[in-house]
> 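My questions will all concern the structure given below.
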Amino acid sequence: MLKLIFPFMAGIVLGYLYPSHNQWVIIGGLAVFLTAMFYLAYYHLKRTPWYAVVFGLCFAFVGYSVVSVHFMQRTGNDFSQYVGEKYCWAEVVIKDMPTQSVKTVKTKAEVLKIKDSAGWHAVSGKAMLFFHKDTLSKQLHYGDKLLVYTQLKEVAPPQNPCQFDYKEYLQRKDIYYQSYLSSDQYRIIEPSSEKSIYSLAYSLRANMIDLIKNSGLSKNEQGIASALLLGWDEEIDEETQKSFSNAGIAHFLSISGLHLGIIFMFIGYMFFWMGNSRRNRMIRGFVQLVVLWFFAIITGLAPSIQRAATMFTLITIGEMFFTRASFYNNLASSAFLLLVFRPLLLFDVGFQLSYLGVVGIVVLQPRIKQLITIPEKLKIAEKCQNSWNQEFASSGVGKVIARTLEIIINSILWIVQKIWELSCVSIAAQVATLPLTFYYFHQFPVYFLIANVTVIPFAGFLLATVIFVVAFSWVPVVGAWIVKLLSLEITAITSVTSFVEKLPHATITDFYFDKVMVLLTALLILGYAIALVKRKKWALFSAMAMSIVFVAYVGYVSNQKEGQRKWIVYSTRNHLVMEFVSGNRSYFVSDSAVVSDPKSVEFSTQGYQRQNMTDKRVNILFQDNYKDDIFFSSGNFSAFGQTRFVFITPENVKTKSKVIPSVDYVILTGSPRLKDVSELTEKYHFKELIIASNNSQYKSLQWQQQCDSLQIPCHNVVADGAFEVVGN
């Protein structure tokens, strides 16, 4: 399976990029696959190089077919064929546990029926629904059937360059549409009555969250406890999440194989008294499987949990029949089983990091551990007695002192050994996931070892305490003591993370890292890993050469960025935000609201700033005076090199001049009272009109229509996305 999983994943990637919607291609391909498999199985002893090639191609086609069938199922009876620009009636059922934010309640729903001019149609497909947060939306549960009157809109692509692609993120979860509903646009027509393992698990999950909320813990402690036990991180405040992330233990707050492994071992220890007969192994294995998958379901079946649960399932089944497969085969088999049923899971960040982390731990951890040898036990008592005075060494006091020293030193050695083993695990996982971590998150926690060594060993104790809180919080005295213990444990852990986060240069953030760098970093890590594990010189030399190529590529990119010249009008909600980039310097122009709250536009601007590798930024308040050799700003006029701008605001819209100035761009901002765009042509000579995102949507659309009729080049930032000019 380890050899076949890679062509299988390659087929999934190919099928995602170029899916086939012809069912005969899939059927014919599967027939060829079955024929080839039968041939290879029959002549399996005659293995030649062609054997592996044909086998790999067959599994690559299986991966391609799985994705193509997935897309054909989606388009067969999808509700998208009945969705237009108008509002429509639809019957939906909630298929996830609703999550609450400040203003909305979000959940995933499956569309069952939809109504158009021809009547009701039975359909399929998923949509993301956002409800206005009120008393009614807070009462929504998994399995509730709703009648909604809304406009199901296709999820919009990112409005700014290098911005997080929420559309692609949802598409990989098989969700293409979303809708916002106010309280008068829906009603519950059938409360949750579904009797399935999912409904039972979600109901139990909600009850557990309520028990944690009513336990007497603080709000932040409730969030950490819910995240640790149930993977429910909606209640954790942003500062706590950032603190854990900067300390390098963000995985502590997300359900992973660590948590499932603790549960798995705990169940195994519960049956220590049972023998190892086949009957007892079957009973123990059955209980472990039931508990494992029930815990996986109530935690939301995160990709990391699915991987761990599937792998532990294969191991358990093997033990039930007294056979043990190799770890690599179990890992590859678990990935294959998951991807057969959910092929788009391959593109999930959690899925990728989870498998890479496990592979890194298994492959690298033993070799890293061998770099420093720590003895398990030292015969201190014997050495002391040989070096001491014979009379004193043979006395009772001498023996006690020698034995005490031996116990203390060996205890210290045991602690040091465990710390080193845990450090090796953390280093191995960090190295294996490094390329993807840099690419997806653009940050690196410098002191991740400190946090992992001090916090992760207590994960089992903390998880056990949370379970006891859920089980016994209703008991007056016992429950209070357990809650107090949990509060102390969480306080200790948050204190450690806070300490690590505040260390000098604790986190390197917002650095540039592209796909080429991912490939080069992965190759050099692979080379060093082979050199470390297999002791191959060619691997070491290859890794060193790849390191030189990586440094050269970074130098090339940096050189390219130094010569860049571009500017952009961002698409942000109700703000005017512009940025002018010259080499590694940028001029960030924004209104006063952004200056007082920079986080309000961080989501829209951060990716673009990171992409440009600007390390010198000048923040300029709109209409303030500023001047240097690159950028000029005075009132409503600005200039970037040879490019000139004029801003039309509510204050200067009526301003007239005897001389008609020539500018390159006119920017409308703040919803000025402009009757007709033609008024601007009488005041300025300009090439193009830009409508900023802090204008009313009605006026923006009106101005855009007027420009179309007058054949004036126009860009509406809200409708068309950010306006970027490169090279001027």
Side-chain angles (χ1 to χ4, degrees), residues 1-44 47-81 95 108 110-111 123-126 165 167-177 301-304 306-307 309-311 313-314 325 328-352 354-356 359:
M1 286 305 301
L2 185 62
K3 295 177 181 178
L4 298 176
I5 192 65
F6 294 107
F8 177 72
M9 291 190 295
I12 290 178
V13 174
L14 185 64
Y16 179 77
L17 297 175
Y18 308 102
S20 173
H21 299 286
N22 189 334
Q23 60 181 350
W24 292 109
V25 173
I26 306 300
I27 294 173
L30 288 177
V32 173
F33 166 74
L34 292 175
T35 303
M37 291 293 288
F38 176 78
Y39 176 83
L40 292 171
Y42 188 77
Y43 295 102
H44 68 282
R47 296 192 176 185
T48 65
W50 286 108
Y51 178 92
V53 172
V54 174
F55 221 86
L57 288 175
C58 288
F59 267 78
F61 190 81
V62 171
Y64 180 84
S65 303
V66 165
V67 178
S68 297
V69 169
H70 173 80
F71 283 125
M72 282 192 290
Q73 288 177 341
R74 193 192 76 81
T75 56
N77 193 34
D78 193 75
F79 68 86
S80 57
Q81 57 187 311
K95 283 296 182 181
K108 180 175 66 178
E110 184 176 343
V111 182
V123 295
S124 61
K126 301 172 185 175
D165 196 339
K167 179 178 182 178
E168 185 179 30
Y169 170 77
L170 288 182
Q171 282 181 352
R172 290 173 177 175
K173 295 180 179 294
D174 216 22
I175 301 172
Y176 295 82
Y177 286 81
L301 283 175
S304 56
Q306 292 184 32
R307 184 269 306 163
T310 306
M311 190 172 66
T313 298
L314 295 175
Y328 299 104
N329 192 61
N330 280 333
L331 194 67
S333 299
S334 66
F336 179 78
L337 291 174
L338 291 175
L339 294 174
V340 163
F341 295 101
R342 295 181 60 189
L344 299 186
L345 198 61
L346 178 64
F347 304 100
D348 186 273
V349 179
F351 181 88
Q352 297 169 7
S354 176
Y355 274 91
L356 279 177
V359 171

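All heavy atoms count here, side chains included; hydrogens, waters and symmetry mates do not. Heads up: numbering here begins at 1 and tracks the sequence.
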> According to side-chain hydrogen bond (donor to acceptor under 3.5 Å, both in side chains), who are the partners of Q171, at least two apart in sequence or on a separate chain?
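Once residues adjacent in sequence are excluded, Q171 has no partner under the side-chain hydrogen bond (donor to acceptor under 3.5 Å, both in side chains) criterion.
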
> For residues D78 and S80, report the shortest heavy-atom separation together with the two atoms involved.
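Scanning both residues completely, I find the closest heavy atoms to be OD2-OG, 2.7 Å.
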
> What is the minimum heavy-atom distance between I12 and P343, and which atoms define it?
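Closest approach of I12 to P343: CG2-O, 3.6 Å.
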
> Please report the shortest heavy-atom distance between I5 and A332, naming the atom on each side.
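Distance-wise, the nearest heavy atoms are CD1-O, 3.7 Å.
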
> Hey, can you pull the donor-acceptor pairs under 3.5 Å for the side chains in residues 333-341, sequence neighbours left out?
from: S333; atom 1: OG; to: N329; atom 2: O; distance (Å): 2.6
from: S334; atom 1: OG; to: N330; atom 2: O; distance (Å): 3.4
from: S334; atom 1: OG; to: L331; atom 2: O; distance (Å): 2.7
from: S334; atom 1: OG; to: Y355; atom 2: OH; distance (Å): 2.9

> For Y169, give me all partners under ring-ring contact (aromatic ring centres under 6.0 Å, His included), at least two apart in sequence or on another chain.
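F164.
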
> Roughly how far, to the nearest 0.5 Å, is the OH atom of Y177 from the NZ atom of K126?
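The NZ atom of K126 sits 16.0 Å away from the OH atom of Y177.
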
> Could you state the interatomic distance from CZ (R342) to CZ (R172), rounded to the nearest 0.5 Å?
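Going from CZ on R342 over to CZ on R172, the span is 14.0 Å.
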
> Test of understanding: with side-chain hydrogen bond (donor to acceptor under 3.5 Å, both in side chains), list the residues that count as partners of T310, not counting sequence neighbours.
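side-chain hydrogen bond (donor to acceptor under 3.5 Å, both in side chains) check on T310 returns nothing, list empty.
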
> Can you name the residues that form a salt bridge (Lys or Arg N to Asp or Glu O under 4.0 Å) with K3, not counting sequence neighbours?
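Salt bridge (Lys or Arg N to Asp or Glu O under 4.0 Å) check on K3 returns nothing, list empty.
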
> OH/Y18 to OH/Y64 distance, rounded to the nearest 0.5 angstrom?
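Here the interatomic distance stands at 10.5 Å.
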
> Among all residues two or more places apart in sequence or in another chain, which pass the side-chain contact (heavy atoms from CB on, under 4.5 Å) test with Y328?
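Once residues adjacent in sequence are excluded, the partners of Y328 under the side-chain contact (heavy atoms from CB on, under 4.5 Å) criterion are L2, S326, V362, V363.
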
> Would a 4.5 Å heavy-atom cut-off, applied to side chains only, mark F351 and L346 as touching?
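SC-SC contact between F351 and L346 confirmed.
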
> Considering residues at least two apart in sequence or located in another chain, which fulfil the ring-ring contact (aromatic ring centres under 6.0 Å, His included) criterion with Y16?
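Partners of Y16 by the ring-ring contact (aromatic ring centres under 6.0 Å, His included) criterion, ordered by chain and then number, come out as F347.
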
> Roughly how far, to the nearest 0.5 Å, is the CG atom of L4 from the CE atom of M9?
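Going from CE on M9 over to CG on L4, the span is 11.0 Å.
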
